[in-house]
**Q** 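Encoded as structure tokens, here's the structure I'll be asking about.
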Amino acid sequence: FWDYLTEKLKKSLTSVSYTTWVGSAKPLYIKGNDIHITVPTELHKDYWERHYAEDIAIYSYEFNGIELNPIIETEDEHAKGEMPKKEAPKETETTQKNEGHVFHNSHLNPKYTFDSFITGSGNQMAHAAALAVAEEPGVIYNPLFIYGGVGLGKTHLMQAIGHQMIKIDPGAKVKYVTSETFANDFINSIQTRTQDDFRQEYRNVDLLLIDDIQFFAEKEGTQEEFFHTFNELHDNGKQIVMTSDRLPNEIPKLQERLVSRFKWGLSVDITAPDLETRIAILRNKAEAEKLEIPNDTLSYIAEQVDTNVRELEGALIRVQAYSTLENADITKSVAADALKLFKLSKEKKGLSIANIQNKVAKYYHVSINDLKGKKRVKTIVVPRQIAMYLSRELTEKSLPQIGMEFGGKDHTTVMHSCDKIAELVIKDDEIKMAVNELKDELRN
Ligand code: ADP
Ligand code: MG
């Protein structure tokens, strides 16, 4: 019967939906009229109960004249031998259709889709929630709040919701912004007296994606405006998705009324990927880039970098660049050489950013103020980027924290500086020497 059922479901679902919901479920046994099934997370269970209970009854009747009733357990529940609680399925409303005029769904990175997102233990729940929201926006988990550390795929997953929703309904209006853009747009609209346009733009969407909401902290006026945006969208059954590096109640200076609203829906976290997932991510990435990398080398790289996916991708780029320069195929030993620098940097010592700024300033004969300032001349930009890079590599400070210590720069500026130097270290001997010398000095 299971094969019969899955064949039927396959025909009516997109491939992502099929793999996520059906492919991850395992039939256990049939006892009486009950079919026992396990699924990976609570979310999958919720989804099965709401969507497939009826299909199971219909198709089992079709199959052999018996109406089966599904008993869904998560794998954990099953392992613990708990009996699942049976909950009444929630009523689902049909989503409203919009007027269908063309809306520019810009600002979505075409690479950030569900197809290119690899699932594993650290993100399975967040992934399932995101897909459920894309399929039924505004109905179940509203708002959806995705939180977790840097580089773990929050932005990717959030944008995948946007892509998927447009795929399902090409007329859907999707808006993606970072919380900083929201704040800036709002402030501009006050200055230029175009608040009506601002509201039109943000309140007339089917899906609003606000990335890195922790940067709303301290911005009173923006929070006030967002409160109203949120209410209007939520009241109209429009979907809101937010990401943050922490839970709503852990965001300093976030108004209580926002915190409580953010908890109306569902909060899911993303944690660092395990080794298997890291290998799968690398394999996928290598295929996309048409790189020939043997399996043992992929595993090696995945073992070396266990922090987050962004660093994992960075490691692959380092290895790729190194092999191009050396004119060698990517093998384990080439990867080892390429990652040597990177690995050394992981023995983070009790260094402060001030220590690093001091050393770099002396080394390049520039002032600390210049390192923290905004001058764009190359003689200062390069030392500044090196100092940021070393701060990232040699301390435990986060990107925003580093930005703060460099005169209040944005975390994306710090990120780009670090990427830039990581690239130059491979390509430019002078920079490589400077970075190595500075590292040696700082380690002592
Ligand atoms: P965050 O927003 O949490 O800081 P991002 O969404 O920017 O992280 O992800 C960092 C990089 O890692 C992106 O290039 C993204 O495509 C990639 N990435 C993260 N998680 C995954 C995953 N599960 N599968 C494939 N790529 C991933
Ligand atoms: Mg992000």
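Order of listing sets the numbers, starting from 1, for every ligand and every atom in it. From a predicted model like this one, the values you see are computed outputs, not experimental measurements. This chain uses plain numbering: 1 for the first residue, then up along the sequence.
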**Q** For ligand 1, is any non-hydrogen atom under 4.0 Å from T119's backbone (N, CA, C, O), its side chain (CB onward), both, or neither?
**A** neither

**Q** Looking at atom 24 (N) of ligand 1, what's its closest protein heavy atom, distance included?
**A** I118 N, 2.9 Å

**Q** Identify the protein heavy atom lying closest to atom 11 (C) of ligand 1, giving its residue, its atom name and the separation to 0.1 Å.
**A** E313 OE1, 3.6 Å

**Q** If you have a sec, work out which protein heavy atom is nearest atom 25 (C) of ligand 1 and how many Å separate them, to one decimal?
**A** S116 O, 3.2 Å

**Q** Give a yes or no on whether a salt bridge exists between K173 and D206, defined as a side-chain N under 4.0 angstrom from a carboxylate O.
**A** no

**Q** What's the shortest distance from atom 16 (O) of ligand 1 to any protein heavy atom, and which residue and atom give it?
**A** H156 ND1, 2.7 Å

**Q** Are side-chain N/O atoms of D370 and Y364 paired as donor and acceptor at under 3.5 Å?
**A** no

**Q** What protein heavy atom sits nearest atom 8 (O) of ligand 1, and how far off is it?
**A** G153 N, 3.0 Å

**Q** Is it true that E224 and H228 share a donor-acceptor pair across their side chains at a distance under 3.5 Å?
**A** yes

**Q** Quick check: does T155 have an N/O/S atom under 2.8 Å of the Mg ion (ligand 2)?
**A** yes

**Q** Ignoring hydrogens and geometry beyond distance, is a side-chain donor-acceptor pair present between H416 and T413 at under 3.5 Å?
**A** no

**Q** When K45 is tested against each of E73, E75, E77 for salt bridge (Lys or Arg N to Asp or Glu O under 4.0 Å), which residue passes?
**A** E77

**Q** How far is atom 7 (O) of ligand 1 from its nearest protein heavy atom, and which residue and atom name does that atom have?
**A** R310 NH2, 2.9 Å

**Q** For atom 18 (N) of ligand 1, find the nearest protein heavy atom and state the residue, atom name and distance (0.1 Å precision).
**A** V309 CG1, 3.2 Å

**Q** Which protein non-hydrogen atom lies closest to atom 2 (O) of ligand 1, naming both residue and atom, and how far is it?
**A** T155 OG1, 2.8 Å

**Q** Any idea which atoms of ligand 1 are less than 4.0 Å away from a heavy-atom of N123?
**A** 23 (N)

**Q** So, E405 and K372, do they make that salt bridge, N to O below 4.0 Å?
**A** no

**Q** Within less than 4.0 angstrom of ligand 1, does G149 place any heavy atom?
**A** yes

**Q** With no hydrogens and no angle check, do the side chains of T178 and D212 hold a donor and an acceptor under 3.5 Å apart?
**A** no

**Q** Can a salt bridge be assigned to the pair E225 and R199 using a cut-off of 4.0 Å between side-chain N and carboxylate O?
**A** yes

